[in-house]
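What you see is a predicted model; the values in this text were computed from it and never measured.
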Amino acid sequence: MADIDEAISKLMRGVQECVTEEELRAKLNASQKDARPLRVKLGIDATGPEIHLGFAVPLRKLKDFQDQGHTAVLIVGDFTAMIGDPSGQSKTRPQLTREEVEANVARYERQLFRILDPERTEIRYNSEWSEALGTRGVLELLGKYTVSQILQREDFSNRLDAGDPVFIHELLYPIFQGYDSVAVKADVELGGYDQRLNLIVGRELQRSFDQPAQVIMMMPLLEGLSGGAKMSKSYNNYVGIEEPPSEMFGKLMSIPDDLIEQYFELAACADEAKLRGIRSRLQSGENPRDLKAEMARMVVARYHLEDAAREAEQTFSRVFSEGGVPEEMPEIKVASGTKLVDVIAANDLASSKTDARRLIKQGAVSLDGEKVEDIEHTLFLDSPVVLKVGKRRFAKLLTRDPKIAL
RNA sequence: GGGUAGGUACCCAAGUGGCCAAAGGGGGCAGACUGUAAAUCUGCUGGCGAAUGCCUUCGGGGGUUCGAAUCCUCCCCUGCCCA
């Protein structure tokens, strides 16, 4: 049974909490004996089309299971997305339309398979069984859980205490998510630590449907780029796994120093030895910037190529440390006589012309390194010019009309 | 069903007839400083305009008034208490 021990230690690596390890062992044993892969569930809330580094944490754990021959069962929460997961939320989430959910799901798969093995992956939509429940089925399901069980959740009770509205459909979210486990007969369910109650509901519902309860494994939450809150689309503090290398690198460099270790562990997947090294280097007073760069390089290399990571780093140091410009940037063709503010606003370098004027007034706009002072600045280009707006937004301006006499 | 307190910009929140595009805080953006970060300081933070200016915005619709976030009226929504 030595290989089971090894399997477990691999699977338990980086897990914040597992309920329970003994059950996991039993399931692994049974799986081996009957040559039946475990069904490992992970839910996706398709409220946005992008997978970010935070969600990649449980996804990678799922891959660990796949590597041992088990089946990944991904639940696209197209039904529950219409409720909106209230986990950790301080307010009611907007409900998505069917069309929005479908559009998001379409973009998901390609991203998933950057991490997962498609051969051992099953993707299911929870509308498949949730909608089939019917009113009668829903009532039966709801009869298995009590209000106070659900209200144990801190986010609900906080909102209640604060006098904020909590809608009934929100209370049902954990139950529907738990029912997914019943529907797909999950052996194991993964999730972030904030999913704890939802995962436990799954266990209990399976029991009441006379199924063996799933083992649940919770992964630590990766903090967002500015620290504090967890990485999440709704806080816009995330790095998408499909972002271009230099974008990724830049975002990763902007994290506060005290997240360095966490990012090494959860985003760059450094092993224990590496982490020890990082800790001692931090203590020894090594410039945290260099450690961050190392972390960023590791992360970029994970989702792109090694070369791309190196290149991203070079671009970064050229742009920031040396005040230079990146090698590649979007090109914008402008006709002579166009106002600079129009160019800025029309190309998303600022949110409006008024905003563009504000930026110019603040000295945030330059052309080929020359600060622009005049908010009325009009462009007459005879050669390409590099436009810089703020710290990180660049564009190359080209003439639209081939020859313009001065 | 009755009572009562509310609905203000990205969020919280002040404002109860003109001085309100709307205090303050948070967040965000920009500048300085740095290590690119944090902290700190400064500025900006509805849109269009070069600008005196104009347009849109205080839950929604009507109305009163020279003038409404503020008053009246109807409607919608939320909290709390009672039933």
Side-chain angles (χ1 to χ4, degrees), chain A residues 88-95 156-170 223-229 232-239 245-264 267 278 281-282 284-297 299-300 312-326 337-346 348-366 369-378 387-394:
Chain A
Q89 297 290 317
S90 53
K91 60 169 61 173
T92 306
R93 283 182 143 198
Q95 289 177 249
F156 285 139
S157 44
N158 285 160
R159 283 162 60 184
L160 246 20
D161 291 347
D164 291 331
V166 174
F167 291 87
I168 292 171
H169 73 285
E170 297 181 79
E223 280 178 57
L225 292 172
S226 43
S232 151
K233 290 166 207 158
S234 35
Y235 301 136
N236 193 28
N237 60 359
Y238 68 94
V239 181
S246 57
E247 192 63 19
M248 230 182 213
F249 197 95
K251 282 189 177 184
L252 289 167
M253 285 304 282
S254 78
I255 62 166
D257 289 354
D258 36 339
L259 292 186
I260 291 178
E261 200 182 317
Q262 191 185 345
Y263 269 66
F264 261 109
I278 299 302
R281 283 163 67 192
L282 275 171
S284 75
E286 182 170 339
N287 191 336
R289 179 199 53 187
D290 299 332
L291 286 157
K292 266 200 258 185
E294 191 175 329
M295 178 278 292
R297 208 166 51 228
V299 176
V300 174
E313 182 174 21
Q314 278 159 16
T315 298
F316 188 88
S317 61
R318 179 165 58 243
V319 172
F320 291 97
S321 310
E322 293 151 38
V325 299
T338 310
K339 282 188 186 169
L340 182 57
V341 284
D342 290 324
V343 175
I344 293 173
D348 275 338
L349 297 168
S351 56
S352 65
K353 285 194 225 176
T354 302
D355 194 32
R357 282 191 203 100
R358 273 195 291 266
L359 288 165
I360 293 176
K361 281 184 200 154
Q362 292 178 124
V365 177
S366 66
E370 290 274 315
K371 193 182 283 183
V372 177
E373 311 272 355
D374 178 13
I375 58 174
E376 287 299 299
H377 189 92
T378 305
L387 168 65
K388 181 180 183 192
V389 180
K391 283 191 271 243
R392 299 186 48 181
R393 279 160 286 168
F394 289 93

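- With a 3.5 Å ceiling on both atom-pair distances, the Watson-Crick or G-U wobble partner of B/G62 is B/C72.
- A salt bridge links A/D257 with A/K292; the closest basic N to acidic carboxylate O contact falls under 4.0 Å.
- Contact check, A/S352 against B/G46: no side-chain N or O comes under 4.0 Å of OP1 or OP2.
- Nucleotides B/G24 and B/C75 are separated by 33 Å at their C1' atoms, to the nearest Å.
- Straight-line distance between the P atoms of B/G17 and B/C29: roughly 39 Å, to the nearest whole Å.
- The base-pairing partner of B/C54, taking Watson-Crick or G-U wobble contacts with both distances under 3.5 Å, is B/G47.
- B/U78 sits 32 Å from B/G28 when the P atoms are compared, rounded to a whole Å.
- Listed candidates were B/U36, B/G35, B/G47. Nearest to the side chain of A/P288 is B/G35.
- Within the 4.0 Å cut-off from OP1 or OP2 of B/U36, not a single side-chain nitrogen or oxygen of A/S254 is found.
- For B/A38, there is no paired nucleotide, since no Watson-Crick or G-U wobble pair has both relevant distances below 3.5 Å.
- No N or O donor and acceptor, one from the side chain of A/Q362 and one from the base of B/G31, sit under 3.5 Å apart.
- With P as the reference atom, B/U42 and B/G25 are 11 Å apart, rounded to whole Å.
- The closest donor-acceptor contact from the side chain of A/Q262 to the backbone of A/L259 lies at 3.5 Å or more, if one exists at all.
- Considering only side-chain N and O atoms, A/R289 lies nowhere under 4.0 angstrom from the phosphate OP1 or OP2 of B/A38.
- Rounded to the nearest Å, the gap between the P atom of B/G27 and that of B/A21 is 28 Å.
- Checking the phosphate oxygens (OP1, OP2) of B/U36, no side-chain nitrogen or oxygen of A/K292 falls inside 4.0 Å.
- In this structure, CG of A/D342 is placed 13 Å from C1' of B/A50, rounded to the nearest angstrom.
- For B/G35, the base has no donor-acceptor partner in the side chain of A/D290 [N/O atoms by modelled type, under 3.5 angstrom].
- Taking atom P on both B/C72 and B/U16, the two are 14 Å apart, rounded to the nearest angstrom.
- Residue A/R358 holds its CZ atom at 14.0 Å from NZ of A/K353, rounded to the nearest 0.5 Å.
- Rounded to whole Å, atom P of B/G46 lies 18 Å from atom NZ of A/K353.
- Between the side chains of A/D342 and A/T338, no donor-acceptor pair is found at a separation under 3.5 Å.
- With distances taken from any side-chain atom of A/E376 to the nucleotides B/G49, B/A37, B/A50, the minimum falls on B/A50.
- Closest to the side chain of A/K391, out of B/A38, B/A30, B/U45, is B/A30.
- Here, B/A38 and B/G47 have their P atoms 25 Å apart, quoted to the whole Å.
- Between B/A69 and B/G62, the distance separating the two P atoms is 15 Å to the nearest Å.
- Using a cut-off of 4.0 Å between Lys/Arg side-chain N and Asp/Glu carboxylate O, A/R318 and A/E313 are scored as not salt-bridged.
- Between A/R357 and B/G47, a side-chain N or O to OP1/OP2 separation shorter than 4.0 Å is absent.
- At the heavy-atom level, A/K251 lies nowhere under 4.0 Å from the strands shown.
- RNA chain B is contacted by both A/M253 and A/D355; A/M253 maps to the nucleotide lying nearer its 5′ end (nearest heavy atom per residue).
- Between A/K361 and A/D257, the residue whose closest nucleotide on RNA chain B is further toward the 5' end is A/D257.
- Of the possible polar contacts, one joining the A/T378 side chain to the A/E376 backbone as a donor-acceptor pair under 3.5 Å is found.
- Between A/R393 and B/A30 there is a side-chain polar atom (N or O) within less than 4.0 angstrom of OP1 or OP2.
- Between A/R281 and A/E294, at least one side-chain N (NZ, or NE/NH1/NH2) sits under 4.0 Å from a carboxylate O, which counts as a salt bridge.
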